[in-house]
**Q** 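Below is a structure I'd like to ask you about.
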Amino acid sequence: MWVVPTIPPALYLMLSGILFTIGVIGALTRRNAIVVFMCIELMLNAVNLTFVTLSHFLQSMDGVLFAFFVIAVAAAEAAVGLAIFVMIYRSRETINLDEINILKW
Amino acid sequence: MAENIGIIFQWLIFLGMAFFSIVASLLLVTRKNPIHSALFLVLNFLCVAVLFLLLQSQFIAIIQVVVYAGAIAMLIVFVIMLLDLEKELRAGLKIIYSKVIGGFLALLFLLGILYSVVAKSPTGKTGSYTPEKMTANVKAVGEVLLTQYLFPFEIISILLVAAIIGAVILSKKRT
């Protein structure tokens, strides 16, 4: 009898690592503030996938709740971050990260 | 034989969703127009929501669709439409030295992650939430959330109120 193996957790973790790395590359190379923000959301989402995967394969509930808290924090971050972008655009007419460098010494 | 067919379907769904989520995130990073990036972000969120369903976490999958793909992506699209980014679109993507170095370091980081995943399988004490118990997923999440994790839950509500007030104050016109 030929039995197909179930999906191993390593594949889920690899997928999550690949998504996280794509997010890191985007956040490092793009200069539009909103695209960088979207890449950060992508990284948070990849971390959520890791949490839920380990929670499933260790048969525990803690990872799922951590993913829930991460989603709540991401929602708060989206509200405040996008308000900051609108404010910066109003005063400086750009959201290019190379030109917004007043916090740099 | 029936179990085999179910597991083959799980493999097909997993491989398809993994492929589409990676393609969507690559397109997110490379598109010039931020609106296209936002729509590929929504596609990526939906693919990951299907993966959550495959991992038997229905609650997180629904929350992912409602909060991430619904609320946050809608907010991003709204802000992109509020801002006039025509000039920055025309500037395009410039490849400069520091970006190449950053991408190279990120690829090294990926190698580190893949090595740590392959080298050692996840070990630890398994809990009491077996797959049979997880079919009533929302009930289980609610029970743990309102007993063991009650204090973080309240802190999250305070954080959300603070974020709402902060967003209102930030976007108010200076008088």
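Below, chains carry the letters A, B, ... as their sequence lines are ordered, and counting in each starts from 1.
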**Q** Is A/Ile22 close to chain B through its backbone or its side chain, or both, or neither, when contacts mean heavy atoms under 4.5 Å?
**A**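 For A/Ile22, backbone and side chain are both near chain B.
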
**Q** Please check if the side chain of A/Ser60 supplies one atom and the backbone of A/His56 the other of a donor-acceptor pair under 3.5 Å.
**A** no

**Q** Heavy atoms only, distances under 4.5 angstrom: which of A/Leu13, A/Leu15, A/Val73 has the most pairs with chain B? Name it, please.
**A**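 Among the listed options, the one with the most contacts to chain B is A/Leu15.
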
**Q** Can you tell which part of B/Ala73 gets under 4.5 Å to a heavy atom of chain A, answering side chain, backbone, both or neither?
**A**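 Neither part.
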
**Q** For B/Ile80, is it the side chain, the backbone, both or neither that has a heavy atom under 4.5 Å from a heavy atom of chain A?
**A**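 B/Ile80 touches chain A through backbone and side-chain heavy atoms alike.
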
**Q** Pick whichever of B/Ala162, B/Ser157, B/Ala167, B/Gly112 has the most heavy-atom pairs under 4.5 Å with chain A.
**A** B/Ala167

**Q** So which of B/Ser116, B/Pro152, B/Ala71 has the largest heavy-atom pair count under 4.5 angstrom toward chain A?
**A**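 With the most close heavy-atom pairs to chain A, the winner is B/Pro152.
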
**Q** Find the one option among A/Leu19, A/Leu54, A/Val86, A/Val35 whose heavy-atom pairs under 4.5 Å with chain B are most numerous.
**A**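 Among the listed options, the one with the most contacts to chain B is A/Leu19.
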
**Q** Minimum heavy-atom separation for B/Ala61 and B/Phe52, please, with both atom names.
**A** CB-CB, 3.9 Å

**Q** Go through the atoms of A/Leu65 and report whether side chain, backbone, both or neither lie under 4.5 Å from a heavy atom of chain B.
**A**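 Contact with chain B is through the side chain of A/Leu65 alone.
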
**Q** Is it the side chain or the backbone of A/Leu49 that comes within 4.5 Å of chain B heavy atoms, both, or neither?
**A** both

**Q** Is it the side chain or the backbone of A/Ala74 that comes within 4.5 Å of chain B heavy atoms, both, or neither?
**A** both

**Q** Please classify the contact between A/Thr53 and chain B as side chain, backbone, both or neither, with a heavy-atom cut-off of under 4.5 Å.
**A** both

**Q** Find the one option among A/Asp62, A/Leu28, A/Ile84 whose heavy-atom pairs under 4.5 Å with chain B are most numerous.
**A**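 Counting heavy-atom pairs under 4.5 Å, the top option is A/Asp62.
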
**Q** Sort B/Val141 into side chain, backbone, both or neither according to what part of it lies under 4.5 angstrom from a heavy atom of chain A.
**A**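 Both backbone and side chain.
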
**Q** So how far is it from A/Leu82 CG to A/Met87 CE, rounded to the nearest 0.5 Å?
**A** 13.0 Å

**Q** Has the side chain of A/Ser55 got a donor or acceptor atom that lies under 3.5 Å from a matching backbone atom of A/Phe51?
**A** no

**Q** Kindly indicate, with the supporting measurements, whether the criterion ring pair (Phe, Tyr, Trp, His ring centres under 6.0 Å) is fulfilled by A/Phe68 and B/Phe59.
**A** CA-CA 9 Å; A/Phe68 175 72; B/Phe59 176 71; 5.8 Å; yes

**Q** Do the non-hydrogen side-chain atoms of A/Leu44 and A/Glu77 ever get within less than 4.5 Å of each other?
**A**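 Contact flag for A/Leu44/A/Glu77 side chains = yes.
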
**Q** With distance as the sole criterion, is a donor-acceptor pair present between the side chains of A/Asn45 and B/Gln64 under 3.5 Å?
**A** yes

**Q** Is it the side chain or the backbone of A/Phe20 that comes within 4.5 Å of chain B heavy atoms, both, or neither?
**A**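 Contact with chain B: side chain only.
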
**Q** Would you check if the side chain of B/Asn4 reaches a backbone N or O of A/Val4 as a donor-acceptor pair within less than 3.5 Å?
**A** yes

**Q** Using heavy-atom distances under 4.5 Å, tell me whether B/Val168 contacts chain A through its side chain, its backbone, both, or neither.
**A** neither

**Q** Do you know which of B/Leu75, B/Ile164, B/Leu105, B/Ile113 has the most heavy-atom pairs under 4.5 Å to chain A?
**A**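 Most heavy-atom pairs within the cutoff with chain A belong to B/Leu75.
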
**Q** Contact part of A/Ile18 toward chain B, heavy-atom cut-off under 4.5 Å: side chain, backbone, both or neither?
**A** both

**Q** Under 4.5 Å between any side-chain heavy atoms of A/Val52 and A/Phe66, yes or no?
**A** no

**Q** Against chain A, label B/Leu26 side chain, backbone, both or neither, depending on which of its atoms sit under 4.5 Å from a heavy atom there.
**A**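 Looking at B/Leu26, backbone and side chain both touch chain A.
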
**Q** What part of B/Phe45 gets closer than 4.5 Å to chain A, counting heavy atoms only: side chain, backbone, both or neither?
**A**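 Interface part for B/Phe45: both.
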
**Q** Any side-chain heavy atom of A/Asn32 within less than 4.5 Å of one from A/Asn96?
**A**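 No, every pair of side-chain atoms sits at 4.5 Å or beyond.
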
**Q** Where does the angle between the aromatic ring planes of A/Tyr12 and A/Phe57 fall among parallel (under 30°), tilted (30 to 60°) and perpendicular (over 60°)?
**A**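 Aromatic pair A/Tyr12/A/Phe57 classed tilted.
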
**Q** Tell me which of these, B/Val79, B/Val144, B/Leu83, B/Ile7, has more heavy-atom pairs under 4.5 Å with chain A than the rest.
**A** B/Leu83

**Q** Let me confirm one number: the OG1-CH2 distance from A/Thr6 to B/Trp11, rounded to the nearest 0.5 Å.
**A**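 Here the rounded value is 8.0 Å.
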
**Q** About how many Å separate CD1 of A/Ile7 and CZ of B/Phe14, when rounded to the nearest 0.5 Å?
**A**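 So the CZ of B/Phe14 and the CD1 of A/Ile7 are separated by 6.0 Å.
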
**Q** I need the residue from B/Leu160, B/Ile76, B/Leu114, B/Ile169 with the largest number of non-hydrogen atom pairs under 4.5 Å to chain A.
**A**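 Looking at each option in turn, the highest pair count goes to B/Ile76.
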
**Q** Check whether B/Ser21 reaches the backbone of B/Cys47 with its side chain - one donor and one acceptor, N or O, closer than 3.5 Å.
**A** no

**Q** Please state whether the side chain, the backbone, both or neither of B/Leu110 comes within less than 4.5 Å of a heavy atom of chain A.
**A** both

**Q** Among A/Ala67, A/Gly23, A/Pro5, A/Cys39, which residue has the highest count of heavy-atom pairs closer than 4.5 Å to chain B?
**A**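 Option with the top pair count is A/Pro5.
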
